[in-house]
Amino acid sequence: MVKDRVLSGMQASGKVHLGNLVGALKNWVDLQDRYDCFYFIADWHALTTGYANPAAIKESTKDLLINFIAAGLDPEKSTIFIQSMVPQHAELHLLLSMITPLSWLERVPTYKEKQVELKERDLSTYGFLGYPVLQTSDIIIYRAKRVPVGIDQMPHLEISREIARKFNFQYREVFPEPEGLLTEFPKVPGLDGRKMSKSYDNAIYLSDTPEVVDQKIRTMMTDPARKRKTDVGDPELSPVFHLHKIFSSSEEIEYCTHGCRTAAIGCIECKKILIKNVFTYLEPIWKRRAELIDNPDELYAVAKKGSEKAAVVAEETMKIVREVMGLA
Ligand code: TRP
């Protein structure tokens with residue numbers, strides 16, 4: 001039986017944190033046996049907002065690749081690659097830009113939101129507006145059917161479907177319309193209780209040492225009403241508790257809930273249990289990371305082999321595209 005193709009990517013604009021791991025990477029790992037998976041690092045997408053600092057993108061690309069593999073993506077099962085190492089994406093992006101109406105791009109919610117969020121950067125560029133066109137080319141160049149992404153990426157995926165549809169109508173039926181693969185994954189709260197994000201400075205990074213993780217959790221906020229150990233608290237008001245729900249056993253959660261409500265345990269004891277569980281979760285990843293960091297040749301070999309594999313598929317599609325657009 002031929003497996004359906006899955007594709008997903010992560011933009012190289014920062015270090016991988018626990019939210020990316022629990023919310024995306026672990027899901028990608030689970031899909032590896034059931035689908036023909038393509039996973040990549042979107043370094044060109046990072047340039048749309050980070051063009052002024054390419055060195056940071058290079059560093060992020062390396063961090064992402066290390067963590068993809070450390071988290072369990074297996075180059076023997078999945079095609080793991082770097083966007084800029086498969087230049088066919090850029091060619092398709094250019095051709096798709098010919099048929100993509102400006103109005104579709106201007107109405108994408110993230111277009112305006114990001115400009116506000118990053119108002120210190122000049123994002124009134126052609127490349128930034130075309131972000132979803134590049135993303136479409138990433139997906140449809142592999143004629144992928146399924147795209148595991150978070151709910152926030154759905155508007156992008158909707159545009160990809162529209163562009164694919166328009167191409168098929170204009171020229172010939174070449175591309176399947178990609179569909180999302182929404183899996184309910186726990187949203188990982190950051191150290192301050194808001195969504196974990198590098199822009200909020202509230203993240204635990206996979207590159208953090210155990211000492212740093214320990215320190216970050218120890219100094220986390222808890223229910224502000226619990227000033228003293230003898231004050232009772234409401235676990236729901238503590239971001240520590242929301243992390244427990246992801247990393248701790250039901251007995252431990254019960255123990256901490258009861259302990260908090262009755263002031264039987266202090267916040268430090270509760271945090272120590274969480275620290276132990278986060279360590280258990282991260283230890284295999286830390287171990288694999290250390291091996292990979294010491295072995296940049298292995299890392300480069302994975303990226304090169306994966307990108308070559310991806311380019312073969314991408315080139316097959318481009319042959320058809322050039323033909324139907326009268327460019328062959
Ligand atoms: N936009 C995605 C992110 O923010 C990255 C991405 C680029 C992507 N191309 C993609 C995701 C194609 C899924 C499919 O990380």
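For ligands, and for the atoms within them, numbers begin at 1 and follow the listed sequence.
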query = How would you list, by chain and number, every residue that makes a side chain to side chain donor-acceptor pair (under 3.5 Å) with Lys276, sequence neighbours excluded?
reply = Glu252
task = Taking only Lys NZ, Arg NE, NH1 and NH2, and the carboxylate oxygens of Asp or Glu, determine whether Asp4 and Lys145 approach each other closer than 4.0 Å.
result = yes
task = Decide, yes or no, whether a salt bridge links Glu211 with Lys216 under the criterion of side-chain N to carboxylate O below 4.0 Å.
result = no
key: Within 45° cone of Tyr200 ring axis and under 6.0 Å: Arg194 NZ or CZ   = yes
inquiry  = Once salt bridge (Lys or Arg N to Asp or Glu O under 4.0 Å) is applied, do any residues pair with Asp223, and if so which ones, sequence neighbours excluded?
reply    = none
task = Let me know which protein residues bring a heavy atom to under 4.0 Å of ligand 1; chain then number is fine for ordering.
result = Leu7, Ser8, Gly9, Met10, Gln11, Phe40, Ala42, His45, Tyr131, Gln135, Asp138, Ile139, Val147, Val149, Gln153
Co-members of the apolar cluster containing Tyr126 [side chain, <4.5 Å] = none
